[in-house]
2 protein chains.
Amino acid sequence: MEAVAEQVFVALADPTRRTILSALASGGPATATDLATRLPITRQAIAKHLNLLTETGLVTAEPGERRRVRYRLHSAPMQVAQQYLAALARDWDGHFDALRKHLEG
Amino acid sequence: MEAVAEQVFVALADPTRRTILSALASGGPATATDLATRLPITRQAIAKHLNLLTETGLVTAEPGERRRVRYRLHSAPMQVAQQYLAALARDWDGHFDALRKHLEG
DNA sequence: CACTATTGCAACCGTTCGGTTGCGTCAAGC
DNA sequence: GCTTGACGCAACCGAACGGTTGCAATAGTG
């Protein structure tokens with residue numbers, strides 16, 4: 001689980017990657033060349049980001065007609081990251097309180 | 001809010017940084033040199049990470065006795081990131097459903 | 001068949017990043 | 001007053017990163 005969360009953090013840490021994800025969210029599934037027309041960077045750069053996003057599971061690649069490859073959003077890994085964040089915050093505060101109680105007792 | 005979330009993602013994307021945070025969570029507030037005895041890296045490397053963590057707000061630096069500087073965890077920014085993740089997931093699925101309904105209607 | 005459009009792969013480039021080494025500085029104890 | 005710890009700053013290094021350029025392969029169209 002931590003591995004998935006780390007990958008999600010790495011993926012979401014980059015602004016360009018978030019822009020790509022946002023474009024996919026607002027415009028629906030699209031191809032790399034399609035995204036290249038909307039964003040100010042090269043298709044290959046977008047392809048690299050899409051590969052990374054596919055490896056983290058935030059996006060799935062499905063082959064379409066005429067050699068085109070459409071990328072679709074997948075929110076499952078993000079929920080894992082969300083759970084990880086919640087557990088981490090709980091762990092922090094919990095241990096802190098426990099430690100204070102232990103020192104006070 | 002997105003800026004805070006991005007900083008949290010960047011901070012949590014690095015394994016060493018997560019180790020430092022974990023050490024602070026389990027052992028309570030500590031100084032850079034104290035952490036350097038527990039981790040296999042230099043004090044300066046830890047100091048750099050602590051600076052970054054301080055800038056994101058995940059950690060607060062409080063001066064102690066004899067020129068020592070203790071670092072204490074702060075979970076507030078993580079909750080912001082958590083909220084951001086939740087909103088993002090909601091946005092993804094929501095827009096996807098809305099688009100499908102629009103195309104079907 | 002020739003042409004166009006789309007994808008994938010590889011090399012390259014400048015910048016950032018994680019980490020180390022070295023040095024100057026400032027507080028406390030003998 | 002001198003030594004001892006602990007901190008901060010700056011330079012340096014190798015690796016990874018974001019991005020571009022160039023090229024080969026492949027699927028449709030005239």
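Below, read A as the first sequence line, B as the second, and so on, with proteins coming before strands; counting in each chain starts at 1.
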Of the options [options], whose atoms approach the side-chain atoms of [X] most closely?
X: A45(A); options: dG19(D), dT7(C), dT20(C); answer: dG19(D)
X: R68(B); options: dA6(D), dG19(D), dG18(C); answer: dA6(D)
X: T16(A); options: dT21(C), dG19(D), dC7(D); answer: dG19(D)

Would you kindly give the [atom1]-to-[atom2] distance between [X] and [N], to the nearest whole Å?
X: L52(B); N: dG18(C); atom1: CG; atom2: C1'; value: 11 Å
X: I46(A); N: dG18(D); atom1: CD1; atom2: P; value: 14 Å
X: E62(A); N: dT7(C); atom1: CD; atom2: C1'; value: 16 Å
X: R43(B); N: dA10(D); atom1: CZ; atom2: C1'; value: 13 Å
X: L50(B); N: dG19(C); atom1: CG; atom2: C1'; value: 14 Å
X: Q44(A); N: dT6(C); atom1: CD; atom2: C1'; value: 11 Å
X: H49(B); N: dC7(D); atom1: NE2; atom2: P; value: 17 Å
X: D14(A); N: dC17(C); atom1: CG; atom2: C1'; value: 14 Å

Show the nearest heavy-atom pair for residues [X] and [Y], with the distance to one decimal.
X: V8(B); Y: P77(B); result: CG2-O, 3.6 Å
X: Y71(B); Y: L24(B); result: O-CD2, 3.6 Å
X: F9(A); Y: A81(A); result: CE2-CB, 4.1 Å
X: M78(A); Y: W92(B); result: SD-CH2, 3.8 Å
X: H74(A); Y: G57(A); result: CB-O, 3.4 Å

- Note on the structure: Walking DNA chain C from its 5' end, the first of K48(A) and Y71(A) to be reached, judged by nearest nucleotide, is Y71(A)
- Message: Under 4.0 Å between a side-chain nitrogen and a carboxylate oxygen: does that hold for D14(B) and R18(B)?
- Response: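 Between R18(B) and D14(B) there is no salt bridge, as every charged N stays at least 4.0 Å from the carboxylate O atoms.
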- Message: I want to check one thing: is the phosphate of dT7(C), taken as OP1 and OP2, less than 4.0 Å away from some side-chain N or O of T31(A)?
- Response: yes
- Taking only the side-chain nitrogens and oxygens of T33(A), find out if one of them lies under 4.0 Å from OP1 or OP2 of dA5(C). no
- Task: Remember a base hit wins even if backbone is also touched, and classify T42(A) as base, sugar-phosphate or nothing at under 4.0 Å, heavy atoms.
- Result: base
Polar atom pairs (N or O), protein with nucleotides 25-30 of chain C, under 3.5 Å:
none

- Query: Is T31(B) reaching over with its side chain to a backbone N or O of D34(B), donor-acceptor style, under 3.5 angstrom?
  - Reply: yes
